[in-house]
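Worksheet for the structure shown next.
Along the sequence shown, residues carry numbers from 1. Values below: all heavy atoms of this structure, side chains included; hydrogens, waters and symmetry mates excluded.
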Amino acid sequence: MAVAHIFRSVQALRAVAALLVVVNHALITAGHRSQIGVDGHPILGRLGVEIFFAISGFVMIRVTDPLRPGRAPIRTAGRFLWARAVRIVPLYWLCTMLVMLADLVGSRRSGDDVSPARLIASLLFLPSTAANGLVQPVLYVGWTLQFEMVFYLMVAIALAVQVSPVRLCVPVLAGLAALSTVRPPDSGAGWFYADSSTLSFAVGMLTARIAAPGPHRRAAWVVLVAATSAHVLVCGVRAVGPDPTGIVVALVVPLIFVPTVMTEHRVGASVPRWATAAGATSYTLYLTHPFVSTAVADGLSALGDAARSPMLFVTAVVVTPLLTAPFIHRYVERPITRLPATLVRRRPGPA
């Protein structure tokens with residue numbers, strides 16, 4: 001299920017989104033591991049995550065539009081889910097087990113008492129509550145994948161019942177965002193999906209419709225404006241109070257993403273190869289940067305004087321994951337991602 005045309009500008013934007021998350025976490029890590037007085041800003045990480053969601057919505061429409069379920073819609077939906085699982089699961093499971101291993105040997109205690117039930121929930125992309133009260137998986141950055149997998153499931157259901165994914169998903173995503181306005185302050189895992197960020201998936205899906213020729217483009221514009229307005233409104237009337245960061249991100253994501261897609265035919269060819277290559281490794285960077293950043297931060301803290309230089313500390317904690325991600329992508333992620341297909345091909349047939 002490959003996309004016929006790779007939007008080079010969108011691929012580069014994927015790299016930018018990953019970088020925003022890495023920088024935010026690097027600043028937080030630097031603040032925790034040293035005395036240099038820096039900290040992250042929620043707008044950096046949130047903007048990066050919601051750009052990822054918009055890209056995911058866009059790509060899923062590009063992937064599913066050429067599909068013709070015909071007489072086997074269930075099989076088509078199953079193949080779609082399998083393709084997404086093969087792309088997402090192997091590296092995520094590996095990183096999750098590394099967190100568990102580090103916890104067991106006691107070299108990197110997180111303070112999160114991981115039970116077997118919580119580990120299973122994390123591996124199955126189900127929300128669970130950590131010891132600190134936060135609803136997050138064992139690998140904390142995996143919370144975004146819990147949203148991604150539910151979104152993929154929605155798309156698969158649309159394929160199975162032969163309904164346009166846009167028509168099925170956008171109302172559901174809007175409903176989840178609306179629920180965040182009544183989400184209790186001390187809500188647990190049961191309220192996890194009641195989040196306004198789900199509307200960023202809708203932004204990506206509608207942008208894909210706008211970018212494709214056809215009579216539906218005007219309607220897609222109208223719905224996109226409505227979805228963005230709803231996103232801003234929901235962030236302004238949340239149950240726990242207005243969310244200024246959410247309001248800014250709700251406006252900035254479509255203002256960045258829609259022009260990026262619509263100008264692809266003009267600027268796509270001029271996007272440098274290193275930028276698209278960085279986009280290809282963005283998933284690896286996203287999942288592995290907590291390990292690399294923490295190790296570098298701990299090493300610098302042990303040096304003493306080096307930890308007192310904010311520029312050196314933050315630069316090292318940001319740049320090192322960027323340098324290691326391409327190697328992990330090539331020598332770890334790509335081989336283990338190919339493994340499921342290899343196993344399926346080698347499976348013996350019936351006697």
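- Minimum heavy-atom separation, Ala250 to Pro254: O-CD, 3.0 Å.
- Smallest separation of non-hydrogen atoms from Gly204 and Phe257: CA-CE2, 3.8 Å.
- Closest approach of Val10 to Thr260, counting heavy atoms only: N-CG2, 4.1 Å.
- Between Glu333 and Arg338, no side-chain nitrogen of the basic residue sits less than 4.0 Å from a carboxylate oxygen of the acidic one, so the salt-bridge criterion is not met.
- Other residues, nucleotides and ligands place no more than 12 heavy atoms under 6.0 Å from the CH2 atom of Trp93.
- Qualifying ring-ring contact (aromatic ring centres under 6.0 Å, His included) partners for Tyr92, counting only residues two or more places apart in sequence or in other chains: Phe125.
- A salt bridge does not link Arg238 to Asp195: none of the charged nitrogens lies less than 4.0 Å from a carboxylate oxygen.
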Pair up each side-chain donor or acceptor in residues 314-322 with any protein partner under 3.5 Å, not counting sequence neighbours, and list the distances.
unit_1 : atom_1 : unit_2 : atom_2 : d
Thr315 : OG1    : Met311 : O      : 2.6
Thr320 : OG1    : Ala316 : O      : 2.7

Output side-chain donor-acceptor pairs under 3.5 Å for residues 268-279, partner residues at least two apart or in another chain, one line each.
unit_1 : atom_1 : unit_2 : atom_2 : d
Ser270 : OG     : Val267 : O      : 2.7
Thr276 : OG1    : Arg273 : O      : 2.9

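- Between Val23 and His289, every side-chain heavy-atom pair lies at or beyond the 4.5 Å cut-off.
- Residues Leu159 and Thr64 have side chains in contact (heavy-atom distance under 4.5 Å, counting atoms from C-beta outward).
- Summarising the local packing, CZ of Arg75 is surrounded by 12 or fewer heavy atoms from other residues, nucleotides or ligands at distances under 6.0 Å.
- The heavy-atom pair separating Ala18 from Leu285 by the smallest distance is CB-CD2, 3.9 Å.
- The backbone N or O of His329 lies less than 3.5 Å from no partner atom in the side chain of Arg334, so there is not a single donor-acceptor pair.
- In terms of modelled atom types and a separation under 3.5 Å, the side chain of Ser187 and the main chain of Arg183 share no donor-acceptor contact.
- Proximity of Trp191 to Val182: side-chain heavy atoms (C-beta onward) are separated by under 4.5 Å at one or more points.
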Begin from the C-alpha positions of Thr96 and Leu119 and carry the test side-chain contact (heavy atoms from CB on, under 4.5 Å) through to its verdict. CA-CA 8 Å; Thr96 297; Leu119 174 61; 3.9 Å; yes
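- Under a hydrophobic clustering in which Ile, Leu, Val, Met, Phe, Trp and Tyr are joined whenever their side-chain heavy atoms come within less than 4.5 Å, directly or via other members, Phe201 and Leu251 fall into different clusters.
- In this structure, a donor-acceptor pair under 3.5 Å is present between the side chains of Gln11 and Arg14.
- A single hydrophobic cluster is not seen to contain both Leu199 and Phe151; linkage of ILVMFWY side chains at heavy-atom distances under 4.5 Å, directly or through other members, places them apart.
- In the hydrophobic clustering of this structure, Ile120 does not group with Val135; members are Ile, Leu, Val, Met, Phe, Trp, Tyr whose side-chain heavy atoms approach within less than 4.5 Å, directly or through other members.
- Here Arg84 contributes atom CZ and Arg79 contributes atom CZ; the two are 14.0 Å apart, rounded to the nearest 0.5 Å.
- Taking every heavy atom of both residues into account, Ile210 and Arg217 meet most closely at O-NE, 2.7 Å.
- Put simply, Leu98 and Leu91 are part of the same group of oily side chains (I, L, V, M, F, W, Y) that touch within less than 4.5 Å, one to the next.
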Would you check, one step at a time, whether the test side-chain contact (heavy atoms from CB on, under 4.5 Å) holds for Ser197 with Val49? CA-CA 9 Å; Ser197 63; Val49 165; 5.9 Å; no
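- Among residues at least two apart or in separate chains, side-chain hydrogen bond (donor to acceptor under 3.5 Å, both in side chains) pairs with a member in residues 42-55 are Arg46-Glu50, Arg46-Ser196, Arg46-Asp243, Glu50-Ser200.
- Considering all non-hydrogen atoms of both residues, His216 and Ala212 come closest at NE2-O, 3.7 Å.
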Sequence neighbours left out, cut at 3.5 Å: what donor-acceptor pairs do the side chains of residues 164-172 make with other protein atoms?
unit_1 : atom_1 : unit_2 : atom_2 : d
Ser164 : OG     : Val166 : N      : 3.3

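- For the pair Ser128 (side chain) and Ala121 (backbone), a donor-acceptor distance under 3.5 Å is absent.
- A donor-acceptor pair is defined here as one N or O able to donate and one able to accept, closer than 3.5 Å; such a pair exists between the side chain of Thr76 and the backbone of Ala72.
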Pair up each side-chain donor or acceptor in residues 137-148 with any protein partner under 3.5 Å, not counting sequence neighbours, and list the distances.
unit_1 : atom_1 : unit_2 : atom_2 : d
Thr144 : OG1    : Val141 : O      : 3.3
Thr144 : OG1    : Tyr286 : OH     : 3.0
Gln146 : NE2    : Leu126 : O      : 3.1
Glu148 : OE1    : Ser56  : OG     : 2.7
Glu148 : OE1    : Tyr152 : OH     : 3.1

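- Connection of Val234 to Leu173 is not established within any shared hydrophobic cluster, with ILVMFWY side chains joined at heavy-atom distances below 4.5 Å, either directly or through further cluster members.
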